[in-house]
Number of protein chains: 2
Amino acid sequence: MTNGKEATLHQRILSDIEGRIVSGEWPPGYRLPFEVDLAIQYGCSRMTANKVLTHLARAGLIERRKKSGSFVAQPVTQAAVLEIHSIEAEVRSLNLSYSYRLERRVRREASAIDRQHLELSEPAPVLDLVCLHHAGERPFCLEERLINLTTVPEAEGEDFSSSAPGTWLISQIPWNTAEHRIYAQSASAEVAKTLDISRNAACLVIERRTWGSTGPVTFVRFIYPGDRHALVARFTPGGES
Amino acid sequence: MTNGKEATLHQRILSDIEGRIVSGEWPPGYRLPFEVDLAIQYGCSRMTANKVLTHLARAGLIERRKKSGSFVAQPVTQAAVLEIHSIEAEVRSLNLSYSYRLERRVRREASAIDRQHLELSEPAPVLDLVCLHHAGERPFCLEERLINLTTVPEAEGEDFSSSAPGTWLISQIPWNTAEHRIYAQSASAEVAKTLDISRNAACLVIERRTWGSTGPVTFVRFIYPGDRHALVARFTPGGES
DNA sequence: CGGATTATTATGTATATACATGTTCATCCA
DNA sequence: TGGATGAACATGTATATACATAATAATCCG
């Protein structure tokens, strides 16, 4: 940011236009100069101008219409990108020591609820895990997880006694689709006891369902003491870089 | 998706490579063919192959190193894109009737807490609003908002008795940066009464701080009954399109 | 033999060019 | 006058080309 160091032509044009849009100098609905004119203004070829505009369109800052030109878009939805990283990394970033404990490990046939969680239509064997993550001395997060043994049969060979299943799974299933659900819930008696918080204290619950190329992989529920933990997300138009 | 309709060469190459990565055929760490080889394989120019790889790199699916080549990236962070849209749209998407009521509207000098929320270092006048959003007959969400009158003096002329301040603000401040904080909290006596839920019921709280080009714009806190509401986010590698 | 120098290689950026595609606007003719 | 036709226009996609840059491999020489 504001590097000063010689940026590429592409970057300079991009941040210049981005600046005009974000500052409000070019308000929503404003028609920006045509590609050819931008090319002349910045002393570059149309291809370069085109690339910049394509980039801005992908980022959602402008809308492009053939013949009509390119227009500054209306800032409709506030998109927040949450990076849900590993719990160990999260704890360590708080400068606390991290420890992990496996509380339960059961192999069984998927119950009706399990099948709902994993979006399974057929009966299947699952691995039911409960883990507790500590930050320093205190319990930090409770993890309840189901692993679909049909898609990840290798999980049966792992005992997960020393390392959390999340990181192991990432190395097994290279890329996947995920769906998150975030909500608040009062601690049940059991959860309160495990997390060492008072009964009915508000908890932040994050559920994640993951699919690989061969089907549902895992369903996991993270339960955090709500007052001690918060998800933080930042959104800047144009994003990334 | 799986359109069948004649896609562009760019799109075809992109989805082909994306498919290989997502399916695991090309696992993390795998070195994909060089640009020139891809160009030959798909019968296109190097520029086209380059564009595709650039796209994939931006999407986070691959990493590129000069001289060495392009490699399938490790799926490190699970990024979830939350689209935090307007409450009215949210309620209507549930097929419920929407109504809005302004509970409080006070103009005052920013208190110490206000200044902390808005990240203000200097004293400044603010508008303090409390609104209640209804879905059908029931209270849906409580909105507590501070508007910085230094950056948005026009807000003083608005009474917000019939329409929510959020939508009005979007039309005033064209583009902005936002920071979100999501956590769980037990309902205070006051909140419980307003939302018609039991005392100490878990609530989902979403705080948003917004900046425009001229400084802090607004701080808003949305309080939802936690059991009735959830944020849902989906993540697919490659994303968008 | 080892450290400095040079060559090679793959990506990064930019240009000029060409043709396709979808709109809008002007024109022409029944 | 109205509706079809086609020209003009702006973006979309693709190519060939050129040179810059960074990292590795090969070479040379004290």
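What you see is a predicted model, and the numbers here were worked out from it, not measured in a lab. Below, chains carry the letters A, B, ... as their sequence lines are ordered, and counting in each starts from 1.
Contacts of A:Glu158 classified as salt bridge (charged side-chain N to carboxylate O under 4.0 Å, His left out), with partners at least two apart in sequence or in another chain: none. Applying the salt bridge (charged side-chain N to carboxylate O under 4.0 Å, His left out) rule to A:Glu119 yields no partners; only residues at least two apart in sequence or on another chain are considered.
Within a 6.0 Å sphere centred on CD of B:Glu154, other residues, nucleotides and ligands contribute more than 12 heavy atoms.
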Spell out protein contact along nucleotides 8-15 of chain C as letters: B when the base is contacted, S when just the sugar-phosphate is, - when no protein heavy atom is under 4.0 Å; keep the 5' to 3' order.
-BSBBBBB
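Between B:Arg64 and B:Glu35, at least one side-chain nitrogen of the basic residue sits less than 4.0 Å from a carboxylate oxygen of the acidic one, meeting the salt-bridge criterion. Taking the charged nitrogens against the carboxylate oxygens, B:Arg209 and B:Glu207 have no contact shorter than 4.0 Å, which rules out a salt bridge.
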